[in-house]
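To start, the structure itself, in structure tokens.
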Amino acid sequence: MNDIPALQNRDLPPTADLIEDALGDTCPIWERFLKALEDPDLRVTVSWRWYVDGGWLGKVMRGTRNFAWLSLWVGVGRVTVYFPEAHRALLVDLDLSETLRARTLHQPPVGTSVPVSIDLRTDADLDDALTVLRQKLTLC
């Protein structure tokens with residue numbers, strides 16, 4: 001995972017041009033992910049907000065409930081979904097890449113939740129992100 005945050009200027013909210021500049025070659029995958037979120041069956045919205053401790057973060061929401069966090073890093077967009085620790089076995093049984101499945105199995109919890117983070121670089125990453133997000137939406 002890339003650890004250099006992008007778009008750290010509070011006065012410059014994410015725009016298509018800024019996102020494209022930050023993500024470079026991975027921008028088409030990011031755009032396809034955002035387009036997939038427009039599916040009416042998902043019933044989610046994305047809103048961006050500035051956080052002092054995280055820069056610009058996107059919230060994937062259904063109504064007032066937050067289902068995922070979006071973040072932008074130099075060269076890659078990231079989707080993070082938090083699940084209750086009790087759902088870890090369910091996550092490992094999803095149709096995910098072996099790499100993500102193994103990482104999820106061994107991911108240390110944050111409080112009582114397991115964060116599942118996916119860097120969007122490839123079609124496989126996009127599939128994983130949508131699978132994880134759909135699973136979260138079915139649990140709530």
task = Could you tell me whether a side-chain N or O of Arg32 sits under 3.5 Å from a main-chain N or O of Asp123, the two making a donor and an acceptor?
result = no

key: Smallest separation among heavy atoms of Val110 and Pro115, with atom names   = CG2-CG, 3.8 Å

key: Within-4.5 Å side-chain heavy-atom neighbours: Leu105 and Arg101   = no

ask   = Is the side chain of Arg121 donor-acceptor paired with the backbone N or O of Asp25 at a distance under 3.5 Å, no angle test?
value = no

inquiry  = For a 4.5 angstrom cut-off between non-hydrogen side-chain atoms, does Arg49 reach Leu57?
reply    = no

inquiry  = Measuring only between side-chain heavy atoms, which start at C-beta, is Phe83 closer than 4.5 Å to Leu139?
reply    = yes

Distance, nearest 0.5 Å, that separates CD1 of Ile118 from CG of Leu100 = 5.0 Å

key: Gap separating the CD atom of Gln135 from the CG atom of Leu96, nearest 0.5 angstrom   = 9.0 Å

ask   = Cluster question for you: counting only ILVMFWY and a side-chain heavy-atom cut-off of under 4.5 Å, with indirect links fine, are Val46 and Leu23 together?
value = yes

request  = For residues Trp48 and Pro13, determine if any side-chain heavy atom of one lies less than 4.5 Å from a side-chain heavy atom of the other.
outcome  = no

note = Nearest heavy-atom contact between Trp30 and Leu120 is CE3-CD1, 3.8 Å

message = Just verifying a value: how many Å separate Trp69 CH2 and Thr80 OG1, rounded to the nearest 0.5 Å?
response = 10.0 Å

query = Would Tyr51 and Leu18 show up in the same hydrophobic cluster when neighbours are defined by side-chain heavy atoms closer than 4.5 Å?
reply = no

request  = Over all heavy atoms of both residues, which pair between Leu37 and Leu42 is shortest? Give the atoms and the distance, please.
outcome  = CA-CD1, 4.0 Å

task = Give a yes or no answer on whether the side chain of Gln8 reaches the backbone of Ala6 with a donor-acceptor pair at less than 3.5 Å.
result = yes

key: Main-chain N/O of Gly75 paired with Thr26 side-chain donor or acceptor, under 3.5 Å   = yes

message = With a 3.5 Å distance limit and no angle check, can you tell me whether Asn66 reaches the backbone of Ala68 through a side-chain donor-acceptor pair?
response = yes

ask   = Between the side chain of Trp56 and the main-chain N/O of Leu12, is any donor-acceptor distance below 3.5 Å?
value = yes

query = With a 4.5 Å heavy-atom cut-off, do Leu7 and Ile19 have their side chains touching?
reply = yes

key: Check against side-chain hydrogen bond (donor to acceptor under 3.5 Å, both in side chains), Asp125 and Thr122   = CA-CA 5 Å; Asp125 298 334; Thr122 66; 3.2 Å; yes

key: Validation row: Trp50, Asp11 side chains within 4.5 angstrom (heavy atoms)   = no

query = Is it true that a side-chain atom of Arg62 and a backbone atom of Val44 form a donor plus acceptor pair closer than 3.5 Å?
reply = no

inquiry  = Using the rule that Ile, Leu, Val, Met, Phe, Trp and Tyr join whenever any side-chain heavy atoms are under 4.5 Å apart, tell me whether Leu137 and Tyr82 fall into a single cluster.
reply    = no

key: Contact check, side chains of Ser71 and Trp73, non-hydrogen atoms, under 4.5 Å   = yes

ask   = Do the non-hydrogen side-chain atoms of Phe67 and Met61 ever get within less than 4.5 Å of each other?
value = no

request  = Report the distance from atom CD1 of Ile29 to atom CG of Leu34, rounding to the nearest 0.5 Å.
outcome  = 11.5 Å

key: Separation of His87 NE2 from Asp93 CG (nearest 0.5 Å)   = 13.0 Å

ask   = Is Arg88 reaching over with its side chain to a backbone N or O of Thr104, donor-acceptor style, under 3.5 angstrom?
value = yes

Spacing of Glu20 atom CD and Cys27 atom SG [to the nearest 0.5 Å] = 5.0 Å

